[in-house]
Amino acid sequence: MRIAITADLHWGSREQGDASTRTLVHDLREEDPDVLILAGDIGSGRQETIHQCLDLFSDLPARRFFVAGNHDIWTTDGDSERIFRETLPEIGKEHGFHYLEGCPVTIEGVGIAGTMGWYDYSLRDESLGIDLVHYERKYLRRVASWNDRRFVRWRFSDRELTDLLVEELRGTLAALSVDAEEIVVVTHHLPFEELVIRYPGHRAWAFANAYLGSVRLGEVLLEFPRVRHHFCGHSHARSVVQKGAMRSVNVGSTYLNKRYELLEVGPDPI
Ligand SMILES: [Fe+2]
Ligand SMILES: [Fe+2]
């Protein structure tokens, strides 16, 4: 079974990025994967852009899956939790995409699970010596501001949301491990320190590292030996790390250039 994974298409955000997404859709038709997974940040903060992006894949014969990215739950007057739990699965259904959050699948003995994940500042650069209160505010004067502070409206703190999604993923992987011999997990946020690309001397980037993900996500992935493949996005920088029997890949689409990964799993077709 051939699985294609992409991330951070951010449809509607940049003309050059959208052109690159069109090329990616064309290339994926040639690759003819059995499964396509989008690892979040599908739109550019407006729901119509999520519809438009998912619609680009309408004539791809693959089974299609997605998880949310932080940009996909942005709202100025709504409720991010409702978008995350109710709106996104409905939008997916309209376009033939299955929302993986809390709803894993098993295909030919291969489990496929996914979560947006979130951040708890555990990937922050401690050498900066910035007090946690600034991370919680997502704002550091004259340095940087993280836009989720303006557009994510959720009743939980970042740490509570991370805890919740980590626990849900643990339950999902425990259930999936009963039957699936091999498991592929897709998250939007990063689970491992090794996937973070550091930019020495760049204080704004260093501050933003706090919002890339959580080591707790990684701990859960490593609890389940059948999880052999992990993919994420969000940081827009490709990186790969081998953690025991599991290979973890950050797809690395940028705002301007989109890319995908291919994975062959499951029983040999011949
Ligand atoms: Fe992104
Ligand atoms: Fe993101």
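Order of appearance sets the numbers: ligands from 1, and atoms from 1 within every ligand.
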Please check if any side-chain donor atom of W118 sits under 3.5 Å from a side-chain acceptor atom of D158, or the reverse.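 Indeed, the side chains of W118 and D158 share at least one donor-acceptor pair under 3.5 Å.
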
Do R153 side-chain atoms and T76 backbone N/O form a donor-acceptor pair below 3.5 Å? yes

Short question: side chain of N250, backbone of G233 - any donor-acceptor pair under 3.5 Å?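 Flag set: sc N250 to bb G233 pair under 3.5 Å.
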
Presence of N, O or S from H10 under 2.8 Å of the Fe ion (ligand 1):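 Looking at H10, which is the residue asked about, there is an N, O or S atom under 2.8 Å from the Fe ion (ligand 1).
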
Which single N/O/S atom of D41 lies at minimum distance from the Fe ion (ligand 2)?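 It is OD2 of D41.
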
Starting from the Fe ion (ligand 1), look over the N/O/S atoms of D8 and name the nearest one.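 Of all N, O or S atoms belonging to D8, OD1 is the one nearest the Fe ion (ligand 1).
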
Kindly report the OD1-the Fe ion (ligand 2)-NE2 angle for N70 and H188 respectively, rounded to 10°. 90°

Reference residue F207; test ring pair (Phe, Tyr, Trp, His ring centres under 6.0 Å); the match among Y135, Y199, Y121, Y139: Y135

Kindly confirm whether the Fe ion (ligand 2) is within less than 2.8 Å of some N/O/S atom in [X]?
| X | answer |
| --- | --- |
| H189 | no |
| S235 | no |
| H234 | yes |

Atom CZ of R247 with >12 non-hydrogen neighbours under 6.0 angstrom: no

More than 12 foreign heavy atoms under 6.0 Å from CD of Q52: is that the case here? yes

